[in-house]
Student: 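One structure follows; several queries about it will come next.
Nothing fancy with the numbering, it's 1 onward along the sequence.
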Amino acid sequence: FNPIYKEAAIELGNYFTNNNIGLVYGGGKIGMMGVLADTILEHKGDVIGVIPKLLEKKEVIHPGVEEMIVCEKMSDRKVIMSKLVDAYITLPGGFGTLDEFAEVLTLVQTGRAKPMPIVLYGSAFWDDVLDMEALARWGTISTADLELFHRADSPEEAFAYLQGELGGDEA
């Protein structure tokens, strides 16, 4: 992946640890989330991994994460994670990232999950990959659905949004 996003993940991880924010993520040691987890772990921050059995080897389970929840299926992973978090920050990623982002949006949109703020981190990446405004123009989602998420390019911007949505000083 683009080194710009690796640096963004490190910057975000530093923000997490400097502000005593814990991470719940997919449990792997590769990709953007692996970089984020590594950064937080290097600073002795709190990290919880949630990984389905079928991905233990494929994603190469992160050996440094002490609290690792191994579940049966991908759908179980999403349910477990949604119960453990107050908000989502989605870093640039591939199909798995897109799947999880779409599922969270769908669950929040339909009221099947508690309402929670969702941030797409790295606006340039997401602007290239997802033209959500086109979905609204084509009428497949409402313009109100565009309010279900926010784009951010810095930890400060992401957490200012999250704090406003969560109604507190901490996200």
Student: Would you indicate whether Ile4, at its atom CD1, is surrounded by more than 12 heavy atoms from other residues, nucleotides or ligands within a distance under 6.0 Å?
Tutor: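 It does not: Ile4 CD1 has 12 such atoms or fewer within range.
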
Student: Could you tell me if the side chain of Val47 sits less than 4.5 Å from the side chain of Tyr25, heavy atoms only?
Tutor: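 Yes - at least one pair of side-chain heavy atoms lies under 4.5 Å apart.
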
Student: Any donor-acceptor pair under 3.5 Å linking the side chain of Asn14 with the backbone of Ile10?
Tutor: yes

Student: Using a 3.5 Å distance criterion without hydrogens, assess whether the side chain of Thr17 forms a donor-acceptor pair with backbone atoms of Ile40.
Tutor: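 Between the backbone of Ile40 and the side chain of Thr17 there is no qualifying donor-acceptor contact (under 3.5 Å).
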
Student: For a side-chain contact (heavy atoms from CB on, under 4.5 Å) check, start with the C-alpha distance between Met116 and Asp86, then their side-chain angles and the critical distance, and finish with the verdict.
Tutor: CA-CA 6 Å; Met116 65 181 73; Asp86 295 317; over 6 Å; no

Student: For Gly26, is there any backbone N or O sitting under 3.5 Å from a side-chain donor or acceptor partner on Arg77?
Tutor: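 Flag set: sc Arg77 to bb Gly26 pair under 3.5 Å.
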
Student: Enter the distance from Met81:CE to Tyr88:OH here, rounded to the nearest 0.5 Å.
Tutor: 6.0 Å

Student: Compare all side-chain heavy atoms of His62 with those of Leu41 and state whether any distance is below 4.5 angstrom.
Tutor: yes

Student: If you measure from CD on Glu67 to CD1 on Ile48, what distance do you get to the nearest 0.5 Å?
Tutor: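 Between Glu67 CD and Ile48 CD1, I get 4.0 Å after rounding to 0.5 Å.
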
Student: Atom CG in Leu162, atom CD1 in Ile21: separation rounded to 0.5 Å?
Tutor: 8.5 Å

Student: Can a salt bridge be assigned to the pair Glu66 and Lys44 using a cut-off of 4.0 Å between side-chain N and carboxylate O?
Tutor: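 Salt bridge: no.
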
Student: Could you point out which residue of Thr106, Leu107, Leu105 forms a side-chain contact (heavy atoms from CB on, under 4.5 Å) with Glu103?
Tutor: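 The side-chain contact (heavy atoms from CB on, under 4.5 Å) with Glu103 is passed solely by Leu107 among Thr106, Leu107, Leu105.
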
Student: So, are Glu100 and Lys78 salt-bridged, with charged N and O less than 4.0 Å apart?
Tutor: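 Salt bridge: no.
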
Student: Answer whether the closest heavy-atom distance between the side chains of Val24 and Ile80 falls below 4.5 Å.
Tutor: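 A side-chain contact under 4.5 Å is absent here.
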
Student: Answer yes or no: is there a side-chain heavy-atom contact under 4.5 Å between Leu55 and Met74?
Tutor: yes

Student: My understanding is that only residues two or more places apart in sequence, or in another chain, count here; which of them pass ring-ring contact (aromatic ring centres under 6.0 Å, His included) with Tyr121?
Tutor: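 Per chain and number, Tyr121 pairs via ring-ring contact (aromatic ring centres under 6.0 Å, His included) with no residue.
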
Student: Quick check against the 3.5 Å criterion: does Glu11 have a side-chain atom that pairs as donor or acceptor with the backbone of Glu7?
Tutor: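 No: the side chain of Glu11 does not pair with the backbone of Glu7.
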
Student: Show your working on side-chain contact (heavy atoms from CB on, under 4.5 Å) between Ile69 and Leu84 and close with a plain yes or no.
Tutor: CA-CA 11 Å; Ile69 300 167; Leu84 294 172; 4.0 Å; yes

Student: Applying side-chain contact (heavy atoms from CB on, under 4.5 Å), run through Ile89 and Leu12 and close with a yes or a no.
Tutor: CA-CA 10 Å; Ile89 297 179; Leu12 186 61; 4.0 Å; yes

Student: According to ring-ring contact (aromatic ring centres under 6.0 Å, His included), who are the partners of Tyr15, at least two apart in sequence or on a separate chain?
Tutor: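 So Tyr15 forms a ring-ring contact (aromatic ring centres under 6.0 Å, His included) with Phe159.
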
Student: Roughly how far apart are Leu146 CG and Glu133 CD, rounded to 0.5 Å?
Tutor: 5.5 Å

Student: Which residues pass the ring-ring contact (aromatic ring centres under 6.0 Å, His included) test with Tyr5, sequence neighbours left out?
Tutor: Phe125

Student: Assess the side chains of Asn18 and His43: does a donor N or O sit below 3.5 Å from an acceptor N or O?
Tutor: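 No, no side-chain donor-acceptor contact under 3.5 Å.
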
Student: Could you state the interatomic distance from CZ (Arg137) to OG1 (Thr143), rounded to the nearest 0.5 Å?
Tutor: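 So the CZ of Arg137 and the OG1 of Thr143 are separated by 12.5 Å.
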
Student: Which heavy-atom pair separates Ala9 from Leu91 by the least distance, and what is that distance?
Tutor: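 Heavy atoms only, the tightest pair is CB-CD1, 4.4 Å.
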
Student: Assigning hydrophobic clusters by single linkage (Ile, Leu, Val, Met, Phe, Trp, Tyr; side-chain heavy-atom cutoff under 4.5 Å), is Met68 placed with Val79?
Tutor: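 No.
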
Student: With side chains defined as the heavy atoms from C-beta onward, is the minimum distance between Glu72 and Leu54 less than 4.5 Å?
Tutor: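 In short, these two side chains do not touch, never coming nearer than 4.5 Å.
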
Student: Are there over 12 heavy-atom neighbours, none belonging to Asp145, within less than 6.0 Å of that residue's CG?
Tutor: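 Result for CG/Asp145: enclosed.
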
Student: Take Val119 and Tyr161, measure what side-chain contact (heavy atoms from CB on, under 4.5 Å) needs, and give me the verdict at the end.
Tutor: CA-CA 8 Å; Val119 172; Tyr161 169 75; 3.6 Å; yes

Student: Does the Asp76 side chain pair with the main chain of Cys71, one donor and one acceptor, at a distance under 3.5 Å?
Tutor: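 Looks like no, no N/O pair under 3.5 Å.
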
Student: Could you tell me which non-hydrogen atom of Asp153 sits nearest to which non-hydrogen atom of Ser123, and how far apart they are?
Tutor: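 Heavy atoms of Asp153 and Ser123 come nearest at OD1-N, 2.7 Å.
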
Student: Atom OG1 of Thr90 and atom CE of Met33: how far apart are they, to the nearest 0.5 Å?
Tutor: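 One gets 8.5 Å once the value is rounded to the nearest 0.5 Å.
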
